[in-house]
Amino acid sequence: MLSDVITPDLFAAALRIATPLALAAIGGTICERSGIVNIALEGIMLFGAFFGTATVLATGSPWLGVIVAVLAGVIVSAIHATASINLRTDQVVSGTAINLLALGVTGFLMELWYGHPGTTEPIRTLQPVFHFTASGEGVLNEIWRWINGVFLSHTPIVYATIVIALATHWAMYHTRWGLRLRALGEHPRAVETAGVSVARGRWVAVLMSGALGGLAGANLSIEQVGVFQENFTNGRGFIALAANIFGRWTPIGSYLASLLFGFADALQIKLQPFRDVVDIPPQFFYMLPYVLTVVVVAGVMGRAIGPAAVGVPYEKE
Amino acid sequence: MSESRQVVPAQRAWMTLVLKAGTPLVSAILAMGVGSLIMWVSGYDPAAAFAALFKGSFGGPKQFGETILRATPLILAGLAVGYGFRAGLFNIGAEGQLMMGGLLAAWLGVEMAGLPSAVTVPVLLIGSALAGAAWAFIPAILKARIGAHEVITTMMFSHIARFLVQWLVNGPIKAPGQTPQTAPLGLSGQLPRIPTLFSESTLEALPFLGLGRAHTGILVALLAAVAVWLVLKYTTLGYENRAVGYSPWASETAGISVQWTTVKALCISGALAGLAGAVEVMGVHHRVFDQFSAGVGFTGIAVALLAKNHPLGIIAAAMLFGALQAGSGTMQLEAGVPQKIILIIQALVIFFVAAEQIVMWFIRKRQKEAISGAE
């Protein structure tokens, strides 16, 4: 049984499932580091997934779909930025409104454009980047089979996410932008005193998180599932925020935490065929990522400290 | 959740009062205005849509009964979210606590089928409230002891509750038959429909009592609203709740245990959400099935925000959203507008209520200037 579960597939699935979580989690990291809570990521992903899918349905081009998904994420996050930076509304409330708006608008447009609620027609998806064969016998071939299966079987956004995690992590600790970003969330007054606009810095951060959320949505619809389903982000935006906390507000940490969630989810999918052997109802498997999120947030909180000024609207003196 | 609290000079107090009552109204109107715009851009006729909406929600006693029916759980869910907000807590997972309350009512209602109503109904209501409180207890403890954010934990518990219900209605407490649902409650656990309380002749003489499917759960909801209002206004429990909401730091200094108050606030919030689940099961569905909660807990967030967490305002806000839901079917049927527009209008309401703070901020700034100018 073990050799049926522990396969290259399992680890490849973990990477795949981690991707949208990681993108949203890194978006959450950047946003919270600037001092803005972004629980709207759930809705931003949904918007990205929907408009990405709609674009592919209209044009037949998956790449155009990805671009539109990212743009949709940026536009929606601009609403969050306006509300929480310029209007100083409660950031969690603004995020809740966007999540609700995402459910409403995508559901409404489903019926308006496609004439029915639920699921869209299947779309052309983005294909894996590499196509290597792995069929030989022997130890070396077995190693190649694992490398090929785990690392070389993925679609473009999966690889892009790894690059994004490394690049944002580097930028956060080695560039002027990164230094300012971290200062924004800890002590915005100091940033303002240094002659840098708090509002502008936060706007950039929120728009970046919107772009990443949109890309996460594109990965879900245009790479993984190949359709759009109503509400199919299913709490991923919230799990991503937990991953961000578990990753201690760093991009690489967020990525690794997302991998953990991805692995747990991949494992529960892999274990489902063995339901007859262990006799556990499927719903308990479905619960797993959510239980894990609570455990992670409970276990890490108190020891991990977030940015000091997160969630506090900034008022110029 | 921060609210504007500022000492207002007496001569400006009336302005704040007007804003307090006026802005939710303006927000609701603005939201429906933007909703109309969206309908118009999408090629629908907003006037026809709202006419149909009104017909479906207030067109007659039966339609008005449907509005009451929808408003009933919304009042309780709104109270749940609002009570948390007053302590500075965002119980975004009221939906999960609602499911657990409904689940308990459905189970107990079958078990207690033979007992008199006078026993069954209170036991079901209290049990559901306890079940809701229990489901909020772990997030409450995690928040109080280690600061785990309740937005994430209650949301996750909501997802867990969804699968718990799904599992139970598919297996352990499934009624015989094809459909995954529980057996119907015994009559003793059901909340009667309002028209059934009156004789035929009374209904003929007073046709406005023919409120269709509206049930006595509305009395539970109204009583709860008044109770929460009294508790917040006149009791130590309510005072501590509000004090922690205003300023946890000052409360701690004043000798109020912030941790204990947090636990109590989230559990009471959960209990109110549990009651919302109970009235839905006891008054409408008479059983539990997958996704019976239908997003009532989430709509409760919009209700609480629109009412600015005032228990009596929540009744009015719930009636508005109840009317939108009740009329949305007629709207889709007669004007062709997808019912999802109601979700969009709800989201817009939240936006406009939240953006109202810019108006308050502006006024406070004017006040500051007036004060510093006078000195």
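Letters A, B, ... mirror the listed sequences (proteins, then strands); counts begin at 1. Here the structure is a predicted model, which means the values were calculated and not measured.
- Between chain B and the options A/P289, A/A97, A/S94, A/A102, heavy-atom pairs under 4.5 Å are most frequent for A/A97.
- Here OG1 of A/T89 is found 8.0 Å from CZ of B/F351. Values are rounded to the nearest 0.5 Å.
- Taking chain B as the reference chain and counting heavy-atom pairs below 4.5 Å, the highest number among A/I39, A/L103, A/V92 is found for A/V92.
- Separating the CD atom in A/E230 from the NZ atom in B/K340 is a distance of 3.5 Å, to the nearest 0.5 Å.
- The OH atom of A/Y290 sits 9.0 Å away from the CE atom of B/M155 when rounded to the nearest 0.5 Å.
- Applying the side chain to side chain donor-acceptor pair (under 3.5 Å) rule to A/E42 yields the partners A/T233; only residues at least two apart in sequence or on another chain are considered.
- Ranked by heavy-atom pairs under 4.5 Å with chain A, the first of B/V151, B/I138, B/T299, B/T153 is B/V151.
- Note that CG of B/L348 is 9.0 Å distant from CG of A/L100, once rounded to the nearest 0.5 Å.
- Annotation: the span from A/N234 atom CG to B/R162 atom CZ amounts to 5.0 Å, rounded to 0.5 Å.
- Taking 4.5 Å as the limit, some side-chain heavy atom of A/I245 sits within range of a side-chain heavy atom of B/I152.
- Of the inter-residue distances, the one linking A/L101 atom CG with B/I345 atom CD1 reads 11.5 Å to the nearest 0.5 angstrom.
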Test log, rule side chain to side chain contact (heavy atoms under 4.5 Å, CB included), inputs A/I239 and B/M156: CA-CA 8 Å; A/I239 296 177; B/M156 292 301 112; 4.0 Å; yes

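- By the ring pair (Phe, Tyr, Trp, His ring centres under 6.0 Å) test, A/F108 pairs with no residue at all, sequence neighbours left out.
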Residue pair A/T96, B/L305: steps toward the side chain to side chain contact (heavy atoms under 4.5 Å, CB included) verdict: CA-CA 11 Å; A/T96 306; B/L305 287 170; 5.9 Å; no

